Amino acid sequence: MAKGKINVSVENIFPLIKKFLYSDHEIFLRELISNATDATLKLKHLTSIGEAKVEYGNPRIEIKVDKEGKKLHIIDQGLGMTEEEVKNYINQVAFSGAEEFLNKYEDGAKDTGIIGHFGLGFYSAFMVADTVEIITKSYKDEPAAHWSCDGSPNFTLKKGKKEDRGTEIILHIADDSTEFLEESRINELLSKYNKFMPIPIKFGMRTETLPKPEGAKEEDPAPTKEVDNIVNNPNPAWTKQPADLEDADYKGFYRELYPMQFEEPLFHIHLNVDYPFNLTGILYFPKLTQDLNVQKDRIQLYQNQVFVTDNVEGIVPEFLTMLRGVIDSPDIPLNVSRSYLQADGAVKKISSYITRKVADKLSSLFKNNREDFEAKWNDIKIVIEYGMLSEDKFFEKADKFALYPTVDGNFYTFEELQEKIKDTQTDKDDKLVILYASDKDAQHSYIEAAKTKGYEVLMMDSPIIGHLMQKLETSKEKVSFARVDADHLDNLIKKEETAISKLSDEEKEKLKAELEETITNKSYTVQLEAMDSSASPFIITEPEFMRRMKEMQQTGGGGMFGMGNMPEMYNLIVNTNHELVNEILNTKTAKKKERLINQSLDLARLSKGLLKGEELTAFIKRSYEMVK
């Protein structure tokens, strides 16, 4: 058996980095500024523990574009490198200086915000540059070093002429990457990736207007001066303690995150945990539409204030991806290029924590100001209903504060609703039947009929409510939901109705036969019921189960049941105590009887929203004839 060591050649390392390491070449600037930030934060830590005998001061990172010289400069005032450190950290691919620093100072450096981990960030420079130079001077009393490489494994390293502490990276931009010599493009990248870096970043100058001197005339222009243009906010709201922030601070930060969003957020949730993982952030509940897709990818993921991605799937539970805001965690495991989340147990813990924190916040809002919570319900319900449907732990907590509004604008928790209807809305099997409407206008006649009976009707119109109702029916004992125009309502009417049919059994048989002979559409099942004479003569209901299956098909959930296209099926409830039904039974002329039956059926179909197209045109024509 032979053993040996694989010899890895570096001849092609830079072409591989350029082509495969990072999904997007623009990432280079994020990585180089992250390195500059690390160097500055390391110096801050060393000065704080007395190991670096220098003045930390107020360091910043500067970006310069030399369009004519085709160069891009990234300059920091951090701890710099000696010639020996350049050999260690730059000439050995994937030797991470940040990793070594954290290992050396593990007792105190974990909270420094040092970003680097893989030691490959620097080499992203070769994705956009033919040649890269490093001019660096250490905080230690040693000469500066000047390193240069043209993208091959060959480099030069000599003494440098730099006098002040820190590092300057010079990228000689390649011909296929000249977009990164445009100030607008650099501004775009700084705004995207470095907006909240913890060290101030200077890019160019800006003009600042000064107060007019005393005695100046109104028409005199105000004096101005050129000042450094700092493009980032080093101390964003999520890095501060909630006790140090007011509501106006949270709203201001929301506008900073989403400058084109004009509506204020409904409320915020400040995340702040240091065990068993580190996580900070602020999540906002915006006003939400019924569209589940439009809302996603608005939460930004950061690592130590470095933007990583706005695809937080896996970290944030799916039902919360419709929220907005920021999550920052050094413990989120990413791949080498920081582009993709790695599967990890910590991620599940983070996701569970966020779920619990959101549930606790919603519960607190509900308990502390129910009136305000009810006023916001329609704007937040889609998130809560989605969460109840998809996360069992969230369901358990949300069951206490999820609201069920009625068509009259009252709000109940599920427990309150059960107590309200337990004596009036049970079927023959003693099961609680919760009536609801999905379209107040289209189902108006059914709503009014139910309210006349003293029934409570909920208003449930979100796109996923059918799925949630199924979950509620399986998790609650002896509870069923029925849309107000569904066949479950018949069961309630049968139980509560005391009216006695005015027709004999023989008359009922005759009426049913005539109705079934005249109504050629076999989608309708005729049922004769004795109801109050003031109730409608013909009422169309739909089997609740069939209707739900059709709705789930339309929202993409029906395929899992393997049912294909569900057939149209309706119940035609005929009120045997209505005057018109009695006239149909006793009419001698067959033509008139047929016209009365068809007209009554079409009126019921019109009420149900089933009369359309050619049939609607024929109904209107027939109605005019009858009026005439």
Side-chain angles (χ1 to χ4, degrees), residues 30 33 37 58 60-61 113 187-211 227-274 278-289 294-310 312 315-316 320-330 354 357-358 360-362 364-365 368-369 372-373 375-376 379-380 383:
R30 178 188 73 180
I33 292 177
T37 301
N58 296 299
R60 64 186 179 193
I61 297 164
N187 259 321
E188 178 192 337
L189 297 184
L190 292 172
S191 177
K192 180 176 180 179
Y193 294 108
N194 307 106
K195 194 173 183 177
F196 301 110
M197 294 290 281
I199 304 299
I201 299 170
K202 177 192 171 187
F203 183 50
M205 305 291 286
R206 62 182 176 83
T207 303
E208 189 177 272
T209 302
L210 301 172
V227 295
D228 293 345
N229 185 39
I230 304 299
V231 296
N232 63 321
N233 172 6
N235 301 297
W238 84 79
T239 64
K240 301 173 183 177
Q241 290 298 315
D244 298 332
L245 297 168
E246 296 181 357
D247 195 49
D249 297 315
Y250 287 108
K251 288 180 178 176
F253 181 58
Y254 184 78
R255 286 189 291 273
E256 195 174 349
L257 283 174
Y258 310 104
M260 300 307 291
Q261 184 65 40
F262 301 111
E263 281 191 338
E264 295 279 340
L266 298 169
F267 52 85
H268 64 267
I269 299 166
H270 198 129
L271 307 169
N272 195 344
V273 64
D274 54 18
N278 287 290
L279 177 80
T280 54
I282 301 171
L283 296 179
Y284 294 91
F285 264 78
K287 283 192 173 185
L288 296 171
T289 69
V294 172
Q295 310 294 335
K296 292 187 177 182
D297 295 336
R298 300 293 185 89
I299 297 175
Q300 300 173 11
L301 175 64
Y302 287 76
Q303 265 196 339
N304 293 314
Q305 296 176 235
V306 182
F307 175 78
V308 175
T309 180
D310 54 12
V312 293
I315 301 164
V316 174
L320 293 176
T321 57
M322 292 177 280
L323 303 188
R324 293 176 188 165
V326 165
I327 290 172
D328 190 334
S329 175
I354 293 170
K357 189 74 174 176
V358 169
D360 290 345
K361 176 70 173 185
L362 290 166
S364 170
L365 290 168
N368 295 335
N369 192 343
D372 185 57
F373 191 79
K376 291 172 177 172
D379 293 314
I380 63 174
V383 173

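This one's a predicted model, so the numbers in the text were calculated from it and none came from an experiment.
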Side chains of Arg324 and Leu257 in contact at under 4.5 Å (non-hydrogen atoms): no

Shortest non-hydrogen contact from Gln305 to Pro236? NE2-CD, 3.6 Å

Is there a donor-acceptor pair closer than 3.5 Å between any side-chain N or O of Arg30 and the backbone N or O of Phe307? yes

Which distance, rounded to the nearest 0.5 Å, do you find between the CZ of Phe267 and the NZ of Lys251? 13.0 Å

Would you please say whether a donor-acceptor pair under 3.5 Å links the side chains of Ser364 and Asn368? yes

Side chain proximity check, Ile354 to Leu283, heavy atoms < 4.5 angstrom: yes

Provide the closest heavy-atom pair for Ser329 versus Asn278 in the form atom of the first, atom of the second, distance. OG-O, 2.5 Å

Side-chain donor/acceptor of Asp249 to backbone N/O of Glu246, under 3.5 Å: yes

When rounded to the nearest 0.5 angstrom, what is the spacing between CG in Asn187 and CG in Asn229? 7.0 Å

Testing the basics here: between Leu320 and Ile299, what is the closest heavy-atom pair and its distance to 0.1 Å? O-CD1, 3.5 Å

Output the distance between atom OG1 (Thr280) and atom OH (Tyr302), rounded to the nearest 0.5 Å. 11.5 Å

Of all heavy-atom pairs linking Leu266 and Pro286, the shortest is CD1-O, 3.6 Å

Can you tell me how far the OG1 atom of Thr321 sits from the CG atom of Asp310, to the nearest 0.5 Å? 11.5 Å

Regarding Tyr284 and Arg298, is there a side-chain donor-to-acceptor distance under 3.5 Å anywhere? no

Let me have the donor-acceptor pairs involving side chains of residues 200-208, under 3.5 Å, with sequence neighbours excluded, atom names and distances please.
unit_1: Lys202; atom_1: NZ; unit_2: Glu62; atom_2: OE2; d: 3.3
unit_1: Lys202; atom_1: NZ; unit_2: Asp228; atom_2: OD1; d: 3.3
unit_1: Thr207; atom_1: OG1; unit_2: Glu226; atom_2: OE2; d: 2.6

Look at atom CG of Asn58 and say whether more than 12 heavy atoms of other residues, nucleotides or ligands are closer to it than 6.0 Å. no

Can you check whether Ile327 reaches Leu301 side chain to side chain, under 4.5 Å on heavy atoms? yes

Are the side chains of Asn304 and Pro198 in contact, using a 4.5 Å heavy-atom criterion? no

Sequence neighbours excluded, which residues qualify as ring pair (Phe, Tyr, Trp, His ring centres under 6.0 Å) partners of Tyr250? His268, His270

Of all heavy-atom pairs linking Met197 and Asn232, the shortest is O-ND2, 3.0 Å

So, do Ile33 and Leu190 sit near enough that their side-chain heavy atoms are less than 4.5 Å apart? yes

Before you tell me yes or no, could you show the steps for Glu264 and Arg255 under salt bridge (Lys or Arg N to Asp or Glu O under 4.0 Å), namely the whole-Å CA-CA distance, both residues' side-chain angles and the distance that decides it to 0.1 Å? CA-CA 8 Å; Glu264 295 279 340; Arg255 286 189 291 273; 2.9 Å; yes

Asp328 meets the side-chain hydrogen bond (donor to acceptor under 3.5 Å, both in side chains) criterion, sequence neighbours left out, with Trp238

Between Phe253 and Phe196 (judged by ring centroids, cut-off 6.0 Å), do the two rings come close enough to count as a pair? yes

How many angstroms lie between CD in Gln300 and OH in Tyr258, if you round to the nearest 0.5 Å? 5.0 Å

Applying side chain to side chain contact (heavy atoms under 4.5 Å, CB included) to Thr37 and Ile61, what does each step give before you reach the verdict? CA-CA 8 Å; Thr37 301; Ile61 297 164; 3.4 Å; yes

Kindly indicate whether the side chain of Phe285, heavy atoms from C-beta on, has any atom under 4.5 Å from the side chain of Asp379. no

Between CE of Met322 and CD1 of Ile380, what distance do you get to the nearest 0.5 Å? 11.5 Å

